[in-house]
Protein chains: 4
Amino acid sequence: MNTRVPQQQRGIQTKQQIIEAAMRLFSQKGFHGTNTKEIARAAGVATGCFYAYFGDKKAVFMEALTLYFAQFHQIAQEQIARLSTAGAGQKPFFKEMIRSFLKAHGVFKDFHHELTAMYYTDPAVLQLVAAYDAACIGYISRYLTGIQAQLRVTDLEAAAKVVYWSIHSVVDAIAFTAAPNEAQLVDALADMIESYLFAPSGTPAAQGVRPDDSLSPGG
Amino acid sequence: MNTRVPQQQRGIQTKQQIIEAAMRLFSQKGFHGTNTKEIARAAGVATGCFYAYFGDKKAVFMEALTLYFAQFHQIAQEQIARLSTAGAGQKPFFKEMIRSFLKAHGVFKDFHHELTAMYYTDPAVLQLVAAYDAACIGYISRYLTGIQAQLRVTDLEAAAKVVYWSIHSVVDAIAFTAAPNEAQLVDALADMIESYLFAPSGTPAAQGVRPDDSLSPGG
Amino acid sequence: MNTRVPQQQRGIQTKQQIIEAAMRLFSQKGFHGTNTKEIARAAGVATGCFYAYFGDKKAVFMEALTLYFAQFHQIAQEQIARLSTAGAGQKPFFKEMIRSFLKAHGVFKDFHHELTAMYYTDPAVLQLVAAYDAACIGYISRYLTGIQAQLRVTDLEAAAKVVYWSIHSVVDAIAFTAAPNEAQLVDALADMIESYLFAPSGTPAAQGVRPDDSLSPGG
Amino acid sequence: MNTRVPQQQRGIQTKQQIIEAAMRLFSQKGFHGTNTKEIARAAGVATGCFYAYFGDKKAVFMEALTLYFAQFHQIAQEQIARLSTAGAGQKPFFKEMIRSFLKAHGVFKDFHHELTAMYYTDPAVLQLVAAYDAACIGYISRYLTGIQAQLRVTDLEAAAKVVYWSIHSVVDAIAFTAAPNEAQLVDALADMIESYLFAPSGTPAAQGVRPDDSLSPGG
DNA sequence: TATGAATGAGACTTCATTCAT
DNA sequence: CATGAATGAAGTCTCATTCAT
């Protein structure tokens with residue numbers, strides 16, 4: 001039987017409830033540890049109803065995933081837009097970006113992990129995630145292109161990737177291990193990215209670098 | 001009944017065969033996509049024999065994991081030892097390290113991914129992996145301490161972590177997406193790490209940095 | 001997942017069918033000789049359906065047991081009520097009781113034996129059976145208290161137990177071995193119980209006792 | 001492969017060890033709850049060795065059973081012999097008999113229960129047990145025949161059976177429930193049997209009967 | 001002969017999915 | 001549209017028994 005596309009208000013709401021319940025359960029117990037009956041019950045509907053809206057269990061996961069990414073994209077885009085216009089080349093840019101990621105991570109932390117697990121396991125998930133990663137890298141790449149003049153690196157493609165993956169993994173490590181020294185790690189990460197991207201400002205000022213101001217022009 | 005501890009030569013061999021078959025299958029089809037019957041058959045033994053050696057499916061996974069890490073550790077340690085003595089502070093160190101990781105990754109590439117998937121799902125796996133990560137970070141940290149004089153960073157703990165996670169994720173991205181521009185990414189990553197860790201060598205030579213030789217003394 | 005509590009008519013009927021099929025099979029082939037697949041098939045449902053209603057094989061057994069005892073109790077209580085009011089102290093009481101037991105036994109004879117087997121093996125069964133035995137002994141005890149004046153025994157508790165167990169085992173022996181001399185055994189058993197409980201009616205009439213009328217008053 | 005009949009001292013001892021281990025385990029965990037590996041280990045031999053001496057798991061059970069009965073028989077026979085010659089018609093006979101049974105029961109109490117469970121389940125066990133029961137009934141029957149003159153009952157066959165089963169079940173109840181009022185139950189049981197079998201001794205002395213001496217002549 | 005490793009049928013159980021009401 | 005009962009394939013695990021050494 002084909003999947004139902006809800007037409008009425010009620011149907012749309014039901015579908016939404018199912019997605020939310022599924023996300024909650026996947027986050028708590030993982031995809032493999034959650035069964036459709038549980039999802040249905042948590043959503044307050046009958047088992048059969050689940051299959052009226054979703055072709056199979058993976059379908060909810062994918063839909064939840066799409067939603068999840070949409071939110072990420074939105075946050076990221078807003079961030080980029082804000083920072084880009086606020087004055088291109090402002091160095092706090094990356095620190096802000098890291099904080100953005102951290103925050104976004106926090107919202108659906110556990111779902112993010114389940115997602116990562118599926119990523120390596122399921123091609124469809126991989127594709128979705130890869131698209132998202134590519135988009136993020138694209139943002140960074142465009143940003144770098146915009147401030148190319150200030151940079152010491154030349155291969156902007158590679159730089160964007162390296163920067164993205166570094167942020168990605170450090171943020172993940174922070175979020176997952178609930179690192180107590182979060183602030184230092186964020187500082188160190190931002191410092192690394194900035195040391196890498198930006199040319200030292202002409203003077204040998206780099207000694208005694210302190211993460212935040214080391215690159216402030218004024219030098 | 002408890003797990004069998006092989007007492008005859010034959011038993012030891014059988015157990016080894018099972019572990020190998022399991023790793024192969026987990027890598028190909030994932031943990032959840034592999035069943036114990038398949039593992040047994042792939043190892044050339046009967047189902048029951050599997051359970052003589054392993055309490056359940058996860059038990060093989062954990063044992064395989066332990067083995068896998070033991071190899072990683074060994075490779076890493078050898079590498080560190082070799083590089084450290086070869087001339088402390090030689091800058092190719094990190095590039096070498098990245099290549100090491102890439103190589104190690106390559107050996108059991110798919111198993112590594114299955115592992116990552118389990119990492120987020122299973123506490124026991126998490127623990128094992130966390131221990132491994134901590135060990136790696138420890139290596140780096142000790143290395144940095146050894147060459148502290150040459151460094152621009154001061155919080156070596158944080159630096160070691162940031163460096164480790166960056167390498168980890170970039171290597172993973174390279175390995176998983178079979179990036180065609182592997183060389184550039186490795187260069188960029190090494191460049192980032194070095195820019196971050198090392199003080200520009202006194203002269204304003206940092207301009208026009210080229211990854212490999214930029215830091216070679218002689219400057 | 002938890003056991004289903006049938007909410008539709010169909011569900012209630014299915015559960016009943018499963019219990020009946022299980023009782024039939026347990027009686028024929030014993031608890032250990034019957035598997036859940038067979039039970040499901042005999043009930044005309046799928047294997048999984050069995051587990052929707054019962055957590056495991058023992059659960060059906062226990063539920064069947066409870067049902068079985070409920071019927072026993074009902075028969076016994078009716079019997080007691082009828083005989084007690086029909087004229088307290090009428091001696092055919094015990095003969096009637098024996099016949100009751102025999103009849104009740106006959107209905108689910110084989111199930112009774114499987115039950116006895118489980119009794120010694122499973123604590124939960126033991127508990128249920130012990131409760132039933134205690135209830136039966138309670139009936140007899142109360143009956144004896146009611147006719148205390150006519151009795152030669154004084155420790156009514158002990159008497160009730162001894163009488164109950166004697167009936168129990170003789171009835172069991174009769175039912176299980178399909179003794180050809182059932183009538184004689186019943187007579188002998190009733191005679192034994194009555195000789196024990198009731199004082200000889202004043203005269204030395206006890207010689208040449210014939211089971212049935214030996215104790216009829218009026219000697 | 002055929003079962004080995006031990007020829008050497010060592011073999012005989014091994015077989016004995018296996019039987020003992022099996023009895024112990026069957027008593028503790030039941031026939032179905034014990035596996036051959038456990039038996040072998042408890043006996044201090046290898047799994048395969050078990051099958052050198054016994055065709056299958058049931059075979060040990062049967063052999064243990066036979067041994068168990070042999071002991072019972074011996075005790076019973078000695079008892080009968082002793083009492084019979086000590087003065088036929090001595091009334092303490094049945095009380096002694098009950099005590100004998102209780103003692104015999106106590107020795108292998110748990111094995112006895114496992115046996116009862118198997119009895120209803122396995123034809124071979126049934127046959128063995130039935131033979132044993134018949135033998136016991138035979139003893140009683142012969143005893144009764146010997147003192148026929150003193151008895152009020154005439155159908156000695158039926159009487160023997162009723163008496164045997166009563167003793168059997170009351171003893172079982174005592175042993176299994178560890179009844180605190182064991183003494184009273186034994187008294188009551190003996191009283192019942194004696195009231196049943198023996199004619200009141202000529203005088204209307206039966207009033208105020210006390211189990212032990214009520215029937216002593218010369219009263 | 002003893003050892004303990006190996007066998008494999010079969011038991012129990014779960015759950016994604018379909019169906020009757 | 002919703003409900004919850006039913007399906008049955010597939011997976012996990014056990015254990016009586018056989019076999020290689």
Side-chain angles (χ1 to χ4, degrees), chain A residues 1 4 6-8 10-11 14 32 34-41 44-58, chain B residues 1 4-15 32-41 43-58, chain C residues 1 4-15 32 34-41 44-58, chain D residues 1 4 6-8 10-11 14 32 34-41 44-58:
Chain A
M1 196 185 307
R4 178 186 306 158
Q7 310 280 342
Q8 301 174 6
R10 184 166 54 140
T14 301
H32 294 288
T34 304
N35 63 25
T36 52
K37 205 171 187 171
E38 283 173 303
I39 296 173
R41 184 168 42 191
V45 301
T47 319
C49 191
F50 175 93
Y51 283 89
Y53 291 103
F54 301 95
D56 58 18
K57 192 167 74 151
K58 206 166 80 191
Chain B
M1 187 88 64
R4 180 187 300 163
V5 177
Q7 316 200 347
Q8 299 177 356
Q9 187 52 40
R10 184 164 55 134
I12 293 168
Q13 197 184 331
T14 300
K15 185 166 182 178
H32 294 288
T34 305
N35 65 16
T36 52
K37 210 173 193 166
E38 284 173 305
I39 296 174
R41 187 172 32 200
V45 299
T47 317
C49 192
F50 174 92
Y51 284 93
Y53 292 102
F54 302 96
D56 56 17
K57 197 168 54 153
K58 205 166 86 191
Chain C
M1 188 88 65
R4 178 188 301 163
V5 176
Q7 317 201 346
Q8 300 177 355
Q9 186 53 39
R10 184 163 54 134
I12 294 168
Q13 198 184 330
T14 300
K15 185 167 183 178
H32 294 289
T34 305
N35 64 17
T36 53
K37 208 174 195 166
E38 284 173 305
I39 296 174
R41 186 170 35 198
V45 299
T47 318
C49 194
F50 174 92
Y51 284 93
Y53 291 102
F54 302 96
D56 57 17
K57 196 167 56 151
K58 206 167 85 191
Chain D
M1 196 184 307
R4 177 186 309 157
Q7 311 280 343
Q8 300 174 5
R10 183 168 56 141
T14 300
H32 294 288
T34 304
N35 63 26
T36 52
K37 205 170 184 172
E38 283 173 303
I39 296 173
R41 184 167 42 190
V45 300
T47 319
C49 191
F50 175 93
Y51 283 90
Y53 290 103
F54 301 95
D56 57 19
K57 194 168 69 152
K58 207 166 79 192

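The figures here come from the full heavy-atom set of this structure, side chains too, leaving out hydrogens, waters and symmetry mates. Source: prediction; values computed, not measured. Residue numbers start from 1 in every chain, and the chains themselves are labelled A, B, ... in the order their sequence lines are given, proteins ahead of strands.
Residues meeting the salt bridge (charged side-chain N to carboxylate O under 4.0 Å, His left out) test with C:Lys37, sequence neighbours left out: none. For D:Tyr53, there are no ring pair (Phe, Tyr, Trp, His ring centres under 6.0 Å) partners at least two apart in sequence or on another chain.
Side-chain nitrogen and oxygen atoms of D:Thr47 include none within less than 4.0 Å of the OP1 or OP2 phosphate oxygen of E:dT3. For E:dA5, the OP1/OP2 oxygens have a side-chain nitrogen or oxygen of B:Arg4 closer than 4.0 Å. Residue C:Tyr51 places at least one side-chain N or O closer than 4.0 Å to OP1 or OP2 of E:dT13. At E:dC12, one or more side-chain N or O atoms of C:Thr36 fall inside 4.0 Å of OP1 or OP2 (strictly under the cut-off). Phosphate proximity of F:dA16 to D:Lys57: present, with a side-chain N or O under 4.0 Å from OP1 or OP2. Distances shown here put a side-chain N or O of A:Tyr53 below 4.0 Å from the OP1 or OP2 atom of F:dA2.
To the nearest 0.5 Å, the span separating CZ on C:Phe54 from OG1 on C:Thr36 amounts to 12.0 Å. Interatomic distance, C:Glu38 CD to C:Thr47 OG1, rounded to the nearest 0.5 Å: 11.0 Å.
A residue-by-residue look at D:Gly48 and B:Asp56 shows that B:Asp56 has its nearest nucleotide of DNA chain F further toward the 5' end. The residue among C:Thr14 and D:Thr34 whose nearest nucleotide of DNA chain F lies closer to the 5′ end is C:Thr14. Positionally, the nearest nucleotide of DNA chain E for D:Gly44 lies more toward the 5' end than for the other of D:Gly44 and B:Arg10.
Per the geometry, NE2 belonging to B:His32 stands 11 Å off P belonging to F:dT12, to the nearest Å. The distance from atom CZ of C:Phe54 to atom P of E:dA11 is 20 Å, rounded to the nearest whole Å. Atoms CZ (D:Arg41) and P (E:dG4) sit 11 Å apart, rounded to a whole Å. Separating the CD1 atom of B:Ile12 from the P atom of F:dA20 is a distance of 20 Å, rounded to the nearest angstrom. Protein atom CD of C:Glu38 is 11 Å distant from nucleotide atom C1' of E:dG10, rounded to whole Å. Distance, A:Lys37 NZ to E:dT14 C1': 10 Å, rounded to whole Å. Rounded to whole angstrom, the span from the CZ atom of A:Phe50 across to the P atom of F:dC1 amounts to 18 Å.
Looking at B:Gln13, its side chain never comes within 3.5 Å of a backbone N or O of B:Arg10 through a donor-acceptor pair. With hydrogens and angles ignored, the 3.5 Å screen pairs no side-chain donor or acceptor of B:Lys15 with any backbone N or O of B:Arg4.
When every heavy atom of D:His32 is checked against every heavy atom of D:Lys57, the shortest pair comes out as CA-NZ, 4.3 Å.
Nearest nucleotide to the A:Asn35 side chain, out of F:dC13, E:dC15, F:dT12: E:dC15. Closest contact between the side chain of B:Cys49 and the listed nucleotides E:dA6, E:dC12, E:dA2 involves E:dA6.
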Nucleotide-level pairing of DNA chain E, given in dot-bracket where Watson-Crick and G-U pairs need both distances under 3.5 Å and | marks other strands: .||||||||||||||||||||
